[in-house]
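Below: the structure, in structure tokens.
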Amino acid sequence: MSLEAEKVIPHSADAIVAAYTSRDFHEHLAAKVGSELKGFELSGTAETGFEVISKQAMSADKLPEIAKKVIKGTVNVTVTDKWSAPDASGSRRSDTTVDIAGAPVKAVASQTLHARSAAETLATVRGDVDVKIPIIGGKIKKAAEPYMRKFVELQATEVAKWIEKNG
């Protein structure tokens, strides 16, 4: 497992899910990581489970140095989050895949929002990156891990700010 992270978010799981289903939140988060949201699809409901597919474009300059050696220009990324319905406690889980167009790189992760109260949720993220590039694939994977950790931290921080600003 490349990534295991936990972060307490000072809001309810329902409020976090409401942000995660918002195109505006995804545009905000994309801008924070230096990409542009090119597409957003939401299917299902927060009550029964839902799927969010976001498509982003970013400059390869935002990638780790080792990755820049094999990936040039604009990088098109598709992130698919499949969220479960809430359980009896209000907690829920997502399974995420991250696909980079034209690159033999794929990331998978799961996130669980452990509902603690109306004022606190524990977000647990576990994930891995698979790089199918001979010789340097392992180096790219190792370089990607700190980026994944930073993104998890940024997402938790930004969703909290988003909720405080937008309700």
Side-chain angles (χ1 to χ4, degrees), residues 1-59 62-64 75-101 105-130 141 144-167:
M1 194 68 48
S2 295
L3 170 69
E4 292 189 24
E6 290 187 337
K7 178 74 176 167
V8 174
I9 302 171
H11 296 285
S12 70
D14 286 343
I16 295 165
V17 164
Y20 287 170
T21 60
S22 164
R23 180 186 180 100
D24 289 343
F25 174 71
H26 284 266
E27 286 178 341
H28 169 80
L29 191 59
K32 285 290 183 180
V33 298
S35 67
E36 180 183 355
L37 188 67
K38 294 290 195 177
F40 178 85
E41 298 173 37
L42 171 64
S43 59
T45 68
E47 294 78 26
T48 61
F50 61 94
E51 180 178 82
V52 174
I53 301 171
S54 66
K55 296 182 179 187
Q56 302 172 32
M58 68 186 306
S59 169
K62 301 284 184 188
L63 299 174
V75 178
N76 293 302
V77 179
T78 301
V79 180
T80 304
D81 293 305
K82 294 180 181 179
W83 284 91
S84 69
D87 66 14
S89 71
S91 298
R92 56 175 76 220
R93 173 191 162 108
S94 78
D95 291 308
T96 301
T97 58
V98 179
D99 291 303
I100 300 173
V105 178
K106 184 174 187 173
V108 294
S110 66
Q111 177 173 250
T112 303
L113 297 177
H114 304 277
R116 291 182 164 175
S117 69
E120 185 175 280
T121 300
L122 174 65
T124 304
V125 179
R126 290 182 174 81
D128 202 2
V129 176
D130 184 28
K141 177 179 177 168
E145 291 169 3
Y147 283 74
M148 290 173 57
R149 282 181 186 33
K150 286 180 187 176
F151 178 77
V152 168
E153 180 72 29
L154 178 71
Q155 182 182 37
T157 300
E158 291 304 316
V159 78
K161 288 179 185 177
W162 179 265
I163 293 166
E164 289 161 15
K165 182 179 177 185
N166 298 287

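Predicted model only: the values in this text are computed from it and were never measured.
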As an exercise, state the distance from [atom1] of [X] to [atom2] of [Y], rounded to the nearest 0.5 Å.
X      : Y      : atom1 : atom2 : answer
Thr78  : Ile53  : OG1   : CD1   : 8.0 Å
Asp130 : Lys106 : CG    : NZ    : 8.5 Å
Thr121 : Lys7   : OG1   : NZ    : 13.0 Å
Phe40  : Ser54  : CZ    : OG    : 7.5 Å
Leu42  : Arg23  : CG    : CZ    : 11.5 Å
Glu158 : Ile9   : CD    : CD1   : 11.5 Å

- Between Glu51 and Glu41, is a side-chain contact (heavy atoms from CB on, under 4.5 Å) present by the stated rule, with each step listed? CA-CA 8 Å; Glu51 180 178 82; Glu41 298 173 37; over 6 Å; no
- Do the non-hydrogen side-chain atoms of Lys82 and Thr97 ever get within less than 4.5 Å of each other?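 With C-beta onward as the side chain, the pair stays apart.
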- Query: Would you say Val8 and Arg116 make side-chain contact, with heavy atoms under 4.5 Å?
  - Reply: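 Yes; the side chains approach each other to less than 4.5 Å.
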- Please report the C-alpha distance between His28 and Lys165 in whole Å, then the side-chain angles of each, then the deciding distance to 0.1 Å, and finally whether the side-chain contact (heavy atoms from CB on, under 4.5 Å) criterion is met. CA-CA 12 Å; His28 169 80; Lys165 182 179 177 185; over 6 Å; no
- Is Ser94 reaching over with its side chain to a backbone N or O of Thr96, donor-acceptor style, under 3.5 angstrom?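 Not confirmed, Ser94 side chain does not pair with Thr96 backbone.
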- Message: Has Ser22 got a side-chain atom pairing as donor or acceptor with Asp24's backbone, closer than 3.5 angstrom?
- Response: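 Yes: the side chain of Ser22 pairs with the backbone of Asp24.
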- Anything under 30° is parallel, anything over 60° is perpendicular, the rest tilted; go ahead and classify Trp162 against Phe25.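 The arrangement is perpendicular - the two ring planes meet at more than 60°.
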Considering all heavy atoms, the nearest [X]-[Y] contact:
X      : Y     : result
Ala160 : Pro10 : CB-CD, 4.1 Å
Pro86  : Ala46 : CD-O, 3.6 Å
Ala85  : Arg92 : O-CB, 4.0 Å
Val159 : Ala19 : CG2-CB, 3.5 Å
Ile16  : His11 : CD1-O, 4.0 Å

- Message: With side-chain contact (heavy atoms from CB on, under 4.5 Å) as the criterion, how do Val52 and Tyr20 come out once you've worked through the C-alpha distance, each side chain's angles and the decisive distance to 0.1 Å?
- Response: CA-CA 8 Å; Val52 174; Tyr20 287 170; 5.8 Å; no
- Message: Determine whether Ser91 and Leu113 satisfy the following criterion, side-chain contact (heavy atoms from CB on, under 4.5 Å), listing intermediate values before the conclusion.
- Response: CA-CA 5 Å; Ser91 298; Leu113 297 177; 5.9 Å; no
- Item | Test: Lys150 and Glu153 ion pair at under 4.0 Å |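 Between Glu153 and Lys150 there is no salt bridge, as every charged N stays at least 4.0 Å from the carboxylate O atoms.
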- Heavy-atom neighbours of Lys55 NZ exceed 12 at 6.0 Å: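 No, the 6.0 Å shell around NZ holds no more than 12 heavy atoms from other groups.
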- Task: Carefully, step by step, assess Arg93 and Asp87 under the rule salt bridge (Lys or Arg N to Asp or Glu O under 4.0 Å).
- Result: CA-CA 9 Å; Arg93 173 191 162 108; Asp87 66 14; over 6 Å; no
